[in-house]
Amino acid sequence: VQLQASGGGLVQAGGSLRLSCAPSGSIPGINGMGWYRQAPGEQRELVARLSKTGSKYYAVSVKGRFIISRDNASNTVHLQMNSLKPEDTAVYYCMMSNWQDDYWGQGTQVTVSS
């Protein structure tokens with residue numbers, strides 16, 4: 001099973017983008033979904049995470065600007081990114097986990113121009 005991410009692109013500061021990520025097949029027992037990002041020369045960092053109970057975690061740097069959500073019917077996870085800043089520029093990766101494994105998407109580039 002692979003995760004397919006979409007929605008990245010180039011946007012001006014203050015703009016918005018919506019990332020989406022869906023599995024190519026069935027992943028049983030998903031207990032968490034999340035978005036990570038990695039800027040050039042930086043370590044990959046957790047941006048937002050959604051647990052199976054619905055609890056949400058946001059990195060301090062994106063809190064109040066980004067919203068993570070899930071479409072239960074399709075197991076698609078979204079990341080609505082508002083008020084984007086140049087420092088949000090990175091490759092964004094989606095992740096889904098169950099009791100067996102972590103599944104990762106291929107990454108989608110988000111570039112925010114000043």
Side-chain angles (χ1 to χ4, degrees):
V1 176
Q2 295 181 331
L3 302 187
Q4 298 167 332
S6 61
L10 173 64
V11 65
Q12 287 188 331
S16 298
L17 284 174
R18 179 177 169 89
L19 305 182
S20 297
C21 175
S24 59
S26 174
I27 302 177
I30 295 175
N31 55 31
M33 295 177 164
W35 288 93
Y36 291 72
R37 67 186 181 188
Q38 187 168 18
E42 303 288 335
Q43 289 188 334
R44 189 174 298 189
E45 64 172 351
L46 175 62
V47 175
R49 182 173 173 86
L50 176 63
S51 76
K52 66 176 182 178
T53 62
S55 63
K56 299 178 182 180
Y57 165 85
Y58 295 99
V60 171
S61 59
V62 307
K63 206 167 187 177
R65 300 187 296 122
F66 290 12
I67 301 171
I68 188 170
S69 63
R70 172 180 180 174
D71 181 334
N72 288 321
S74 60
N75 272 341
T76 299
V77 62
H78 304 285
L79 186 68
Q80 178 67 41
M81 305 186 294
N82 302 318
S83 302
L84 283 161
K85 304 175 181 180
E87 51 263 44
D88 295 317
T89 295
V91 177
Y92 284 70
Y93 298 90
C94 59
M95 187 278 292
M96 298 183 185
S97 61
N98 63 10
W99 74 94
Q100 289 182 312
D101 209 345
D102 293 338
Y103 301 81
W104 290 88
Q106 81 281 11
T108 184
Q109 177 71 44
V110 171
T111 303
V112 184
S113 63
S114 57

* Structure fact -> Nearest heavy-atom approach of P23 to N75 is CD-O, 3.3 Å
* For residues 39-59, which residue pairs qualify under salt bridge (charged side-chain N to carboxylate O under 4.0 Å, His left out), counting only residues two or more places apart or in two chains? -> R37-E45
* To do: Enumerate the residue pairs fulfilling disulfide bond (SG atoms under 2.5 Å apart) with a member in residues 23-56, sequence neighbours excluded, ordered by first and then second residue.
  => none
* With a 4.5 Å limit on heavy-atom distance, are the side chains of V47 and M81 in contact? -> no
* To do: Check side chain to side chain donor-acceptor pair (under 3.5 Å) between E87 and all other residues, then give those that pass, not counting sequence neighbours.
  => none
* Partners of N72 by side chain to side chain contact (heavy atoms under 4.5 Å, CB included), sequence neighbours excluded? -> R70
* To do: Report yes or no: does T76 contribute a side-chain atom to a donor-acceptor pair with the main-chain N or O of D71 at less than 3.5 Å?
  => no
* Does anything in residues 44-82 pair up under disulfide bond (SG atoms under 2.5 Å apart), and if so which pairs, sequence neighbours excluded? -> none
* **Donor + acceptor pair across side chains of S6, Q4 (<3.5 Å)** => no
* Asked: In Å, rounded to the nearest 0.5 Å, how long is the span from CG of L84 to OG of S113?
  -> 10.0 Å
* To do: Kindly write out the residues that satisfy side chain to side chain donor-acceptor pair (under 3.5 Å) with T89, not counting sequence neighbours, or none if the list is empty.
  => none
* **Listed partners of K63 passing side chain to side chain contact (heavy atoms under 4.5 Å, CB included), at least two apart** => Y58
Going by atom type alone, with no hydrogens or angles, which donor-acceptor pairs under 3.5 Å involve a side-chain atom of residues 25-35 and a protein atom two or more places apart or on another chain?
| from | atom 1 | to | atom 2 | distance (Å) |
| --- | --- | --- | --- | --- |
| N31 | OD1 | S97 | OG | 3.0 |

* Candidate pair V77 and M96, rule side-chain contact (heavy atoms from CB on, under 4.5 Å), full reasoning -> CA-CA 9 Å; V77 62; M96 298 183 185; 3.9 Å; yes
For residues 8-19, which side-chain donor-acceptor pairs fall under 3.5 Å, sequence neighbours excluded?
| from | atom 1 | to | atom 2 | distance (Å) |
| --- | --- | --- | --- | --- |
| S16 | OG | N82 | OD1 | 3.0 |
| R18 | NH2 | H78 | ND1 | 3.4 |

* **Set of residues satisfying side chain to side chain donor-acceptor pair (under 3.5 Å) with respect to T53, sequence neighbours excluded** => S51
* Asked: What disulfide bond (SG atoms under 2.5 Å apart) pairs are there with at least one residue in residues 19-114, not counting sequence neighbours?
  -> C21-C94
* Hydrophobic cluster of Y36, others only, ordered by chain and residue number, side-chain cut-off 4.5 Å -> L46, Y57, V91, Y93, M95, W104
